[in-house]
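Counting convention: from 1, in listed order, for ligands and their atoms alike. Values below: every heavy atom of this structure, side chains too, minus hydrogens, waters and symmetry copies.
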Amino acid sequence: MGRVVYVNGAYRPHAEALVHFEDRGYQFSDGVYEVVLVRSGKMVDTAPHLARLGRSLGELDIQPPMAEAPLRVVLNELIRRNRIREGFVYAQATRGVAPRDHFFPGPVKAALVCSARARSWPAAGHKPAGQSAITLRDERWARCDIKSIGLLANILAKQKAKEAGAAEAIFIADDGIVREGGSSNVWIVDEAGALHTHPLGPEILGGVTRAAVKRLAAGAQIQVNEDRFDREFMLGASEMFITSATSFVKPITSVDGATIGNGAVGPVTQRMFDLYNDHTLSAAD
Ligand code: PDD
């Protein structure tokens, strides 16, 4: 059986999954998306992902193409039809199809496309390897809290990271503050073993993984500081990691060629990795 995706009300073979030329997502990036981790055939942290999708749509004044409950049904159906045990689902909603004009069109129905893809995730007890990152000026727009499909600055930054042999590009604001990664949130561990990450606000995406890690850290009596820190503070950190639905807790052991801490994956990072990995194995719903 070939890959099946969902396009505006119908399940279609992947090769025949087409959207209209005048879909506003295609012409204006006028839409939003979500990526949800799938473990043991079930989505992880579905409720906060769907809540964030609703919030992103609301911020852009796009009527949800579908309520949360039927959207869950569609995503689970894709998991089933594509026989995904380990992987992720993708959902994208745009303002819909209308003759190209910058103004919002009249009452058109929002468009919805969804897919599911297999990807293997780490087993319990896995020891993740340290990865490198580069820093770049944050050239994105001022509403990074919206999970917009307009990702030009992100893809340019991530491509530069790839060409430099790095796993992630980290955005630095013009005032020197470390914001987040090209597709992840950034965390550092200070010498006292406390975590630091950028506070929520328009400068970063409120990651679902970030929220889970924050909660798991609190449960493990690890202090979490949501504060602004600069590149120098980051380079002087004892440990560092990034989080996202698809990168889990990914240790970063060098930035711009400088070693973080002693260059090895530290105990706090490994602990957060283990806690989050256990969460994904137990919290699927
Ligand atoms: N990206 N910040 C940015 C800019 C992101 O694109 C992402 C996720 C995150 C982490 O969010 P979450 O923990 O909810 O995955 C933070 C997804 C995975 C992507 O674009 O593929």
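Counting the atoms of ligand 1 from 1 in the order shown, those under 4.0 Å from a heavy atom of Arg52 are 11 (O), 12 (P), 14 (O). Remark: ligand 1 atoms within the under-4.0 Å shell around heavy atoms of Gly182 are 4 (C). Every atom of ligand 1 with a heavy atom of Gly207 under 4.0 Å away is listed here by number and element: 11 (O), 12 (P), 13 (O), 14 (O). Heavy-atom contacts of Ala245 reach the following atoms of ligand 1: 12 (P), 13 (O), 15 (O) (cutoff under 4.0 Å). Those atoms of ligand 1 that come under 4.0 Å of a heavy atom in Ser244, given as number and element, are 10 (C), 13 (O), 15 (O). Residue Thr246 has at least one heavy-atom neighbour below 4.0 Å for each of these atoms of ligand 1: 18 (C).
Taking the side chain as every heavy atom from C-beta outward, Glu180 and Arg140 approach each other to under 4.5 Å.
Of the protein's heavy atoms, Lys147 NZ, 3.4 Å lies nearest to atom 17 (C) of ligand 1. Distance from atom 19 (C) of ligand 1 to its nearest protein heavy atom, with residue and atom name: Tyr33 OH, 3.6 Å. Here the protein heavy atom with the shortest distance to atom 6 (O) of ligand 1 is Ser183 CA, 3.3 Å.
Using a 3.5 Å distance cut-off with no hydrogens or angles, the side chains of Lys158 and Ser183 do pair a donor with an acceptor.
By the 4.0 Å N-to-carboxylate-O rule, Arg228 lies close enough to Glu203 to be salt-bridged with it. Electrostatic pairing of Glu77 and Arg80 counts as a salt bridge here, judged by a charged N lying under 4.0 Å from a carboxylate O. The pair Lys147-Glu34 fails the salt-bridge criterion, with no side-chain N (NZ, NE, NH1 or NH2) lying under 4.0 Å from an Asp/Glu carboxylate O.
Taking any N or O of His49, backbone or side chain, none lies under 3.5 Å from an N or O belonging to ligand 1. At a 3.5 angstrom cut-off on N or O pairs, Glu180 counts as close to ligand 1. At least one N or O atom of Thr209, backbone or side chain, sits closer than 3.5 Å to an N or O atom of ligand 1. Looking at ligand 1, you won't find any N or O of Gly181 less than 3.5 Å from one of its N or O atoms.
Val186 pairs in a side-chain contact (heavy atoms from CB on, under 4.5 Å) with only one of the listed residues (Val255, Val178, Ile204, Ile252), which is Val178.
Note that CZ of Phe241 and OG1 of Thr197 are 8.0 Å apart. Values are rounded to the nearest 0.5 Å.
By the 6.0 Å and 45° rule, Arg95 stacks over the aromatic ring of Phe104.
Contact annotation: for Ser184 versus ligand 1, heavy atoms closer than 4.0 Å belong to the backbone alone. With a 4.0 Å cut-off on non-hydrogen atoms, Val35 touches ligand 1 through its side chain and not its backbone.
Other residues, nucleotides and ligands contribute only 12 or fewer heavy atoms inside 6.0 Å of the NZ atom of Lys214.
Between the side chain of Asp145 and the main chain of Gly201, no donor-acceptor pair closer than 3.5 Å is present.
The shortest heavy-atom distance from Phe88 to ligand 1 is not under 4.0 Å.
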